[in-house]
Amino acid sequence: MRILVTGGAGFIGSNFVHHLLDEHEGDEVVVLDALTYAGSRDNLEGALDDPRLEFVEGDVRDRELVSELVADSDVVVNFAAESHVDRSIDGAKPFVSTNVQGTQTLLDAALAEDIDRFVQISTDEVYGQILDGKFSEDDPLNPRNPYAATKASADLLAQSYQTTHDLPVVITRTCNNFGPRQHGEKLIPKFIDKAAAGDSLPVYGDGSNVREWIYVEDNCRAIDRVLRDGEAGEIYNIGSGEERTNLEVTHAILDAVGGSDDQIEFVEDRAGHDQRYALEMGKIEDLGWKPQWSFEDGLEATVDYYR
Ligand code: NAD
């Protein structure tokens, strides 16, 4: 199978490319990535020499390039996105452009080229916050920050191509990922660096916001499962059950790195900060997947990687 992976030089995309090359000898992979501040060829170190990998530096909004690459592929997995919530609060334009128009460009090409499968990588943030219980795939969308709103828009567009044109779309909605190759602006790598340097760790609000954390390798296995065995038109939540408050995550990092609790600094809360996300994951478990990494084991591996 020839797989077009957009955003394959970013955090999750690059881990997914390594996973495909390691696990599926017969697959060929084409990475399309614009190498924004968040993407790097370094993330594909070791894979770039593999004759089964082709790397194309380019933009998912480039209709001509996208058509050419999609025509040459069996399936598309769309990771490419502006992904940092704080940046979307400062300015939403690049988020609308890449996350919505980029997805539309890919969907149009997938339709024209009669692609076998289109996997849209989405997030738990499209559901908004949930104080008790867990979100199921049927729950309504209620995005509460500009990043989440653009991801929800892309989900709706992708679903509409499935309904209207019968394009074989599947959507994955994943909780917070962590692990190797994540950009240093994100919470876990940022706090590992700061903890190790003896700097203060800025915790939003009172640190009580809860996130569900999945080790990136578990997410890559789940996406792979959906790519091969998921049902067209379906949405799959990918959770872990590993819920932690931001303050718990901060303490765990300080413990792992050998920092001091005095390094914790409570700062003004993020605007519109969702209190809690949590996902039901019966559908993805029915495909024969379950998470293999605990938060603690994943954190230990992550700290080892960054240090
Ligand atoms: P990332 O920011 O690390 O990587 C994004 C990649 O997309 C980068 O390599 C960047 O260069 C590339 N890119 C950006 N704009 C592009 C464009 N116009 N054309 C081509 N390439 C472009 O993001 P990530 O954390 O790896 O997230 C990947 C996907 O997973 C995103 O769609 C994100 O919404 C989703 N997601 C992430 C998480 C998480 O915890 N990181 C959780 C749920 C869902």
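First listed ligand is number 1; within each ligand, the first listed atom is number 1. Here the structure is a predicted model, which means the values were calculated and not measured.
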Exercise for review: Taking ring-ring contact (aromatic ring centres under 6.0 Å, His included) as the test, write out the residues that go with H24, two or more places apart.
Suggested key: none
Check your understanding: What part of F178, side chain from CB on, backbone N/CA/C/O, both or neither, has a heavy atom under 4.0 Å from ligand 1?
Key -> neither
Practice item. Note the single closest protein heavy atom to atom 19 (N) of ligand 1, along with its residue, its atom name and the distance in Å. Key: V60 N, 3.0 Å
Review point. Looking at side-chain heavy atoms only, is the closest gap between S88 and N145 below 4.5 Å?
Key: yes
Study note, to complete from the structure: All heavy atoms of A222 vs all of I284, minimum pair found to be O-CD1, 3.9 Å
Practice item. Tell me which protein heavy atom sits closest to atom 43 (C) of ligand 1, plus the residue, atom name and distance to 0.1 Å. Key: T174 O, 3.3 Å
Check your understanding: Would you call G8 a ligand 1 contact, heavy-atom distance under 4.0 Å?
Key -> no
**Study point:** Protein contact to atom 4 (O) of ligand 1 [nearest heavy atom, distance to 0.1 Å]
**Key:** G10 CA, 3.4 Å
**Study point:** Audit row: R221, D218, salt bridge (Lys or Arg N to Asp or Glu O under 4.0 Å) steps and yes/no
**Key:** CA-CA 5 Å; R221 283 191 305 104; D218 276 337; 2.7 Å; yes
Practice item. Provide the number and element of each atom of ligand 1 under 4.0 Å from a heavy atom of N176. Key: 40 (O)
Exercise for review: Just do the salt bridge (Lys or Arg N to Asp or Glu O under 4.0 Å) check on K134 and E212 with the steps written out, would you?
Suggested key: CA-CA 11 Å; K134 295 179 178 216; E212 188 177 359; 5.1 Å; no
Study note, to complete from the structure: Heavy-atom proximity to atom 24 (P) of ligand 1 ranks first, among I12, V77, D59, T150, for I12
**Study point:** Interatomic spacing from CD1 in I171 to OG in S122 - rounded to 0.5 Å
**Key:** 6.5 Å
Check your understanding: With a cut-off of 4.0 Å, which atoms of ligand 1 are near a heavy atom of Y147?
Key -> 33 (C), 34 (O), 36 (N)
Point to revise | Pairs flagged by ring-ring contact (aromatic ring centres under 6.0 Å, His included) wherever residues 42-97 is involved - sequence neighbours left out | key: F16-F79
**Study point:** Nearest-contact summary for atom 11 (O) of ligand 1 - protein heavy atom, Å
**Key:** D33 OD1, 2.6 Å
Exercise for review: May I ask whether G58 places a heavy atom under 4.0 Å from ligand 1?
Suggested key: yes
Practice item. Measure the distances from the heavy atoms of R61 to every atom of ligand 1 and state whether one is below 4.0 angstrom. Key: yes
**Study point:** Ion pair E248/R211, N-O distance below 4.0 Å
**Key:** no
Point to revise | Those atoms of ligand 1 less than 4.0 Å from some heavy atom in T123 | key: 43 (C), 44 (C)
**Study point:** Closest protein heavy atom to atom 25 (O) of ligand 1, given as residue, atom name and distance to 0.1 Å
**Key:** F11 CD2, 3.7 Å
Study note, to complete from the structure: A38 heavy atoms within 4.0 Å reach ligand 1 at atoms 2 (O)
Review point. Where does I121 meet ligand 1, judged by heavy-atom distances below 4.0 Å: at the side chain, the backbone, both, or neither?
Key: both
Review point. Could a heavy atom of A9 be found less than 4.0 Å from some atom of ligand 1?
Key: yes
Check your understanding: Does an N or O from T98, backbone or side chain, lie closer than 3.5 Å to an N or O of ligand 1?
Key -> yes
Review point. Taking NZ, NE, NH1 and NH2 as the nitrogens, is one of them in R2 or E28 under 4.0 Å from a carboxylate oxygen of the other?
Key: yes
Exercise for review: Verify the distance criterion only: is there a donor paired with an acceptor across the side chains of N177 and Q182 at less than 3.5 Å?
Suggested key: no
**Study point:** Location of contacts on K151 toward ligand 1, heavy atoms closer than 4.0 Å
**Key:** side chain
Check your understanding: Any idea which atoms of ligand 1 are less than 4.0 Å away from a heavy-atom of G39?
Key -> 8 (C), 9 (O), 11 (O)
Check your understanding: Which ligand 1 atoms does A80 reach within 4.0 Å, using its non-hydrogen atoms?
Key -> 7 (O), 21 (N), 22 (C)
Review point. Counting from 1, what ligand 1 atoms have a heavy atom of S122 closer than 4.0 Å?
Key: 43 (C), 44 (C)
Practice item. Report yes if some N/O of F79 lies less than 3.5 Å from some N/O of ligand 1; otherwise report no. Key: yes
Point to revise | Atoms of ligand 1 close to S83 [distance to a heavy atom under 4.0 angstrom, numbered from 1] | key: 1 (P), 2 (O), 23 (O)
Review point. Side chains of R173 and Y127: is there a donor and an acceptor less than 3.5 Å apart?
Key: yes
Check your understanding: Under 4.0 Å from ligand 1, counting heavy atoms only, is it the side chain of L35, its backbone, both or neither?
Key -> backbone
Revision key, fill the gap. Among S40, A81, A34, G7, closest by heavy atom to atom 5 (C) of ligand 1 is A81
Exercise for review: Among all protein heavy atoms, pick out the one at the shortest distance from atom 10 (C) of ligand 1; state its residue, atom name and that distance to 0.1 Å.
Suggested key: T36 OG1, 3.3 Å
Exercise for review: Could you tell me whether S14 approaches ligand 1 through its side chain, its backbone, both or neither, with non-hydrogen atoms closer than 4.0 Å?
Suggested key: neither
Check your understanding: Taking non-hydrogen atoms only, is C175 closer than 4.0 angstrom to ligand 1 via side chain, backbone, both or neither?
Key -> backbone
Check your understanding: Is K283 salt-bridged to E231, going by a charged N under 4.0 Å from an acidic O?
Key -> no
Practice item. Establish, yes or no, whether the cationic atom of R87 lies under 6.0 Å from the six-membered ring centre of Y37 and within 45° of the ring axis. Key: yes
Review point. Are side-chain heavy atoms of E137 and E234 found at a separation under 4.5 Å?
Key: no
Review point. Would you say the side chains of Q104 and D108 form a donor-acceptor pair under 3.5 Å?
Key: yes
**Study point:** Cationic N near anionic O, under 4.0 Å, K151 to D155
**Key:** no
Check your understanding: Can you tell me which residue and heavy atom of the protein come closest to atom 40 (O) of ligand 1, and the distance to 0.1 Å?
Key -> N177 N, 2.9 Å
Exercise for review: Would you please test Q275 and S208 for side-chain hydrogen bond (donor to acceptor under 3.5 Å, both in side chains) and show each step?
Suggested key: CA-CA 8 Å; Q275 182 60 30; S208 67; 3.2 Å; yes
